[in-house]
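Input: a single structure, listed below in structure tokens.
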Number of protein chains: 2
Amino acid sequence: MAVPRAAKTQRRTRIQEEKEERIFEAALDVFSAQGFRGSTIDQIADAAGMSKPNLLYYFRTKEAIHRQLIDRVLSTWLEPLRAFDAEGRPEAEIRSYIRRKLEMARDFPRESRLFANEVLQGAPHIEDELRGPLKELVDEKAEVIRGWARAGKIAKCDPYHLIFSIWSTTQHYADFDVQVRAVLGQEQAGEGRFEDAARFLEQLFLDGLRVR
Amino acid sequence: MAVPRAAKTQRRTRIQEEKEERIFEAALDVFSAQGFRGSTIDQIADAAGMSKPNLLYYFRTKEAIHRQLIDRVLSTWLEPLRAFDAEGRPEAEIRSYIRRKLEMARDFPRESRLFANEVLQGAPHIEDELRGPLKELVDEKAEVIRGWARAGKIAKCDPYHLIFSIWSTTQHYADFDVQVRAVLGQEQAGEGRFEDAARFLEQLFLDGLRVR
DNA sequence: CGATAATTTGACCGATTGGTAAAAGCTTAC
DNA sequence: GTAAGCTTTTACCAATCGGTCAAATTATCG
């Protein structure tokens with residue numbers, strides 16, 4: 001007659017940790033591919049290799065899975081921007097930010113699509129995170145960039161739109177992967193496309209922001 | 001005892017045209033906001049101000065609405081790229097392509113999100129269009145850009161990734177609108193953001209592609 | 001071992017889903 | 001006007017949805 005999530009013992013069971021991990025993995029697969037509304041608990045349970053009631057023993061509702069999944073993924077997702085260093089050399093910082101974001105698009109496309117789906121559909125579950133922590137982080141880094149521009153280290157430009165453009169160009173390779181592959185065609189769509197993209201984007205941003 | 005869509009008279013009724021138009025409008029609202037799987041026929045019927053069976057009299061299935069909606073929207077969506085002129089001056093062509101795409105993100109965000117949702121979820125309904133007509137169009141324009149680069153009119157760069165980056169940066173303002181607004185905050189998120197974006201993107205691409 | 005707590009299952013629920021059938025109501029051309 | 005064809009509605013269906021419940025099973029610990 002136990003209450004879900006071990007009300008009596010307080011600490012988490014080994015089984016709990018394992019199962020919750022499997023559920024998060026499965027939920028990332030399903031939510032990133034179909035969005036929140038398009039996903040069903042059954043699909044997640046199937047992907048996690050367990051029955052629906054069993055899954056609901058660990059997470060009370062579909063929304064609970066989604067919310068916790070986003071929470072856990074969001075912090076790592078913002079890591080590259082957080083690593084953006086005010087003390088570094090502008091060129092090197094921008095170049096490595098692009099590199100990191102592109103690597104994330106290549107190595108964690110599900111995470112990218114999870115957010116893309118969410119934001120695309122109006123961000124009903126993460127609007128607070130956007131207005132709060134995200135905005136604060138971007139405000140801070142925008143100030144850094146503005147400082148570089150004032151000091152003549154990079155061209156004068158709107159730092160917010162610069163950040164947006166780095167986000168969009170890099171995440172494009174995760175979110176619109178099918179389209180990118182379709183347009184590039186069989187021969188060019190191999191893993192080399194990320195190297196090509198990196199080369200192009202570095203040229204674009206570094207030359208585009210060079211002082212003239 | 002009539003069969004849907006006027007099997008006997010062949011030509012379309014006035015009522016048919018009006019109702020199908022209303023359904024397309026409603027479907028664009030709903031599909032663009034929630035994706036295919038997340039949308040329901042009831043929602044579309046509601047938005048179109050008619051009953052579900054009435055809507056299904058004009059379109060046999062949910063898929064049929066979606067397919068025809070995408071067909072009708074796709075050609076106008078590719079118009080700016082089609083207008084890309086090989087004979088024009090490279091700088092002017094690129095600048096006006098960015099302008100047009102940005103205007104479309106501002107004026108037709110639903111269309112942008114319709115495709116974004118579709119591609120994001122693996123493009124199950126438009127993969128053929130991507131591999132066929134879209135790829136052909138991009139191949140053609142990529143060749144134009146390559147010619148400009150060879151002639152030294154713009155910097156050497158991968159034309160495909162250039163096109164991808166223009167798509168992603170401009171469509172970002174439609175697809176990720178909520179995020180853009182949230183990050184910019186109340187004061188900066190007015191309609192002026194499109195002018196700011198245009199200025200930034202023109203600077204980025206024109207300086208980034210200038211021969212040096 | 002035995003008991004207590006944690007986990008899993010199968011059977012089930014009401015609401016919503018995409019879609020159908022048939023008849024009633026409405027237009028239009030003659 | 002009237003008949004043929006077009007449109008709309010009402011009532012309905014089977015499947016799927018998110019979620020519950022109680023009982024059965026398994027793990028843990030003294």
Side-chain angles (χ1 to χ4, degrees), chain A residues 1-24 26-27 29-31 33-69 117 121 124-125, chain B residues 1-24 26-27 29-31 33-69 117 121 124-125:
Chain A
M1 217 75 72
V3 176
R5 279 168 302 290
K8 301 230 168 160
T9 47
Q10 300 295 355
R11 73 190 156 80
R12 294 155 53 87
T13 318
R14 169 184 54 88
I15 296 183
Q16 258 174 62
E17 305 224 13
E18 283 175 18
K19 290 294 166 74
E20 285 177 11
E21 191 54 43
R22 269 168 57 192
I23 293 171
F24 277 132
D29 265 350
V30 176
F31 281 137
Q34 315 205 295
F36 181 78
R37 289 216 45 181
S39 304
T40 73
I41 300 182
D42 280 296
Q43 290 173 335
I44 301 172
D46 273 2
M50 64 182 74
S51 67
K52 182 169 62 170
N54 195 8
L55 184 151
L56 286 166
Y57 169 74
Y58 293 101
F59 295 87
R60 248 187 284 272
T61 65
K62 184 175 147 184
E63 244 131 3
I65 313 173
H66 193 249
R67 189 166 1 98
Q68 293 187 44
L69 177 64
N117 263 303
Q121 310 198 354
H125 304 100
Chain B
M1 215 80 69
V3 177
R5 279 170 301 292
K8 301 229 168 159
T9 49
Q10 300 295 356
R11 73 189 157 79
R12 294 154 54 87
T13 319
R14 169 185 54 88
I15 296 183
Q16 260 173 62
E17 304 223 13
E18 283 175 18
K19 290 294 166 74
E20 286 177 9
E21 191 53 43
R22 270 169 55 192
I23 293 170
F24 278 131
D29 264 352
V30 176
F31 282 137
Q34 316 206 297
F36 180 77
R37 288 218 45 181
S39 303
T40 73
I41 301 182
D42 280 296
Q43 290 173 334
I44 300 173
D46 273 2
M50 64 182 75
S51 67
K52 181 170 62 171
N54 195 7
L55 183 151
L56 285 167
Y57 169 74
Y58 294 100
F59 295 88
R60 247 187 285 272
T61 64
K62 184 175 147 184
E63 244 131 3
I65 313 172
H66 192 249
R67 188 166 0 99
Q68 293 187 44
L69 176 64
N117 263 304
Q121 310 198 353
H125 305 100

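Chain A is the first sequence line, chain B the second, and so forth, proteins listed ahead of strands; every chain is numbered from 1.
Residues passing the side chain to side chain contact (heavy atoms under 4.5 Å, CB included) test with B/Asp42 are B/Thr40, B/Lys52, sequence neighbours excluded.
Distance A/Arg22 CZ to C/dT8 P: 8 Å, rounded to the nearest Å. Rounded to an integer number of Å, the gap from B/Glu17 CD to D/dC6 P is 15 Å. Straight-line distance from the CG atom of A/Leu55 to the P atom of D/dC17: 14 Å, rounded to whole Å. Rounded to whole Å, the distance from CD on B/Glu20 to C1' on D/dT8 is 15 Å.
Distances shorter than 4.0 Å separate none of the side-chain N or O atoms of A/Ser51 from OP1 or OP2 on C/dT8. Phosphate proximity of C/dT9 to A/Asn54: present, with a side-chain N or O under 4.0 Å from OP1 or OP2. A sub-4.0 Å separation between OP1 or OP2 of C/dA6 and a side-chain N or O of A/Gln16 is absent. Distances shorter than 4.0 Å separate some side-chain N or O of B/Tyr57 from OP1 or OP2 on D/dT7. Contact check, A/Tyr58 against C/dA6: no side-chain N or O comes under 4.0 Å of OP1 or OP2.
Taken to the nearest 0.5 Å, the CZ atom of B/Arg37 stands 10.5 Å off from the CZ atom of A/Arg37.
A/Arg22 has its side chain within reach of A/Lys19: a pair of non-hydrogen atoms, C-beta onward, lies under 4.5 Å apart. Within the 4.5 Å cutoff, no side-chain heavy atoms of A/Asp29 are placed close to those of A/Gln43.
Side-chain contact of A/Glu20 with A/Gln68: a donor-acceptor pair under 3.5 Å is absent, judged by distance alone.
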**Complete:** Counting primed atoms, P, OP1 and OP2 as sugar-phosphate and everything else as base, the B/S/- map of nucleotides 16-21 of chain C against protein heavy atoms under 4.0 Å is -SBBB-
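Aromatic ring orientation, B/Phe36 versus B/Phe31: parallel (interplanar angle below 30°, classes split at 30° and 60°).
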